[in-house]
Amino acid sequence: MKQVKRTAAVGAVALSAFSLFPGAAFAHDDGGKSAKIVGGTKAEQGEFPFMVRLSMGCGGALYTQDIVLTAAHCVDGSGPNTDITATAGVVDLEDSSAVTAKSTEVLQAPGYNGTGKDWALIKLDKKIDLPTMPIAETDAYNNGDFTIAGWGADKEGGDQQRYLLKASVPFVDDATCKNAYSNLVEKEELCAGLLDQGGVDTCQGDSGGPMFRKDDSDKWIQVGIVSWGEGCARPGKPGVYTEVSNFAEDIKKAAAELGA
Ligand code: ARG
């Protein structure tokens with residue numbers, strides 16, 4: 001029983017996971033006090049200033065001060081678009097000091113057809129005065145431990161979150177990930193998660209948000225975009241992320257088309 005992948009997610013999960021994997025979904029759940037993203041904790045205000053919540057129920061990251069990098073499956077296509085609201089500058093989505101901006105245009109990855117190429121850019125109607133996050137331009141950082149963050153569900157079928165949650169997940173190599181997902185697009189997708197035990201992962205509503213790590217200068221760099229997975233945090237089923245370095249040139253070019 002496989003969940004629909006790459007749907008922008010809120011409420012899109014109808015899983016029998018709890019009966020199939022009774023321990024897995026709740027392995028890190030202590031009744032709601034600290035079970036977050038899945039298996040994470042609350043982010044500090046200002047810890048990840050580039051994090052954006054998008055009104056369709058996805059995450060994103062500030063690529064420039066007025067361009068958000070998100071997932072292709074979070075948007076409907078390319079062209080003028082004034083429907084999306086981006087919320088930034090807060091961990092608490094109800095914080096009155098949140099900065100919001102509206103979309104003016106969306107650029108979905110050229111050739112996106114639901115498999116791989118899961119990236120898109122959203123142009124905002126104003127600059128948001130917060131730090132942006134550079135993207136990885138080579139595969140040098142496609143290893144080690146990654147940070148994931150988002151306001152998505154804290155367990156399979158769980159609620160969207162008011163507070164930004166974060167967790168750390170290790171890189172899973174393509175060959176190993178291919179065992180979990182025969183349809184993995186190895187050049188375009190990157191896997192991460194605790195393969196044996198599960199318990200930590202992104203989940204529905206985290207899509208489009210960044211997966212990132214520190215570069216050699218100790219600065220955050222984006223290596224992935226939350227894309228899909230079978231359930232959330234299941235043992236043997238890592239999270240699948242867009243391999244940002246593979247699309248760095250395309251993203252740069254697309255951003256230039258949006259006036260970056
Ligand atoms: N497709 C989901 C979304 O739209 C993201 C799922 C990520 N799943 C995972 N197991 N890492 O929000």
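Each residue takes its place number in the sequence, starting with 1. Computed from a predicted structure; not experimentally measured. Indexing begins at 1, ligand by ligand and atom by atom, following the structure's order. In what follows, every heavy atom counts, from backbone to side chain, and hydrogens, waters and symmetry copies are set aside.
Within the listing of ligand 1, atoms 11 (N) sit less than 4.0 angstrom from a heavy atom of Gly239. Which parts of ligand 1 touch Asp201 is read off a 4.0 Å heavy-atom cut-off, strictly below it: atoms 9 (C), 10 (N), 11 (N). Interface atoms of ligand 1 facing Gln204, defined by a heavy-atom separation under 4.0 Å, are 1 (N), 2 (C), 6 (C), 12 (O). The contact set between ligand 1 and Asp206, taken as ligand atoms under 4.0 Å from a residue heavy atom, comprises 12 (O). Residue Cys203 approaches ligand 1 through these ligand atoms, each under 4.0 Å from one of its heavy atoms: 5 (C), 12 (O). For ligand 1, the atoms closer than 4.0 angstrom to any heavy atom of Gly205 are 3 (C), 12 (O).
Using 4.0 Å as the threshold, Cys74 has no heavy atom nearer than that to any atom of ligand 1. Using a 4.0 angstrom heavy-atom cutoff, His73 counts as in contact with ligand 1. Heavy atoms of Cys232 approach ligand 1 to within less than 4.0 angstrom.
In this structure, Arg162 pairs ionically with Asp92, as a charged nitrogen and a carboxylate oxygen lie closer than 4.0 Å. Note on Glu230 versus Lys237: salt bridge recorded, some NZ/NE/NH1/NH2 to OD/OE distance being below 4.0 Å.
Counting heavy atoms closer than 4.0 Å to ligand 1, residue Ala71 contributes nothing at all.
For ligand 1, one of its N or O atoms has an N or O atom of Gly231 under 3.5 Å away. Some N or O of Ser207 is nearer than 3.5 Å to an N or O of ligand 1, by distance alone.
Looking only at atom types and distance, the side chain of Asp118 has no donor-acceptor partner in the side chain of Tyr241 under 3.5 Å away. Asn179 and Thr176 form no side-chain donor-acceptor contact under 3.5 Å, judged by distance and modelled atom types alone. Side chains of Ser245 and Asn142: a donor-acceptor N/O pair is present below 3.5 angstrom, by distance only.
Nearest to atom 9 (C) of ligand 1 by heavy-atom distance, out of Ile225, Thr202, Val169, is Thr202.
Without hydrogens or angle criteria, Glu47 side chain to Glu44 main chain gives a donor-acceptor distance under 3.5 Å. Remark: side-chain polar atoms of Gln197 are not paired, donor with acceptor, to backbone N or O of Pro235 under 3.5 angstrom.
Proximity of Arg53 to Gln160: side-chain heavy atoms (C-beta onward) are separated by under 4.5 Å at one or more points.
Taking the six-membered ring where the residue is Trp, Phe247 and Trp119 present tilted rings, their angle falling between 30° and 60°.
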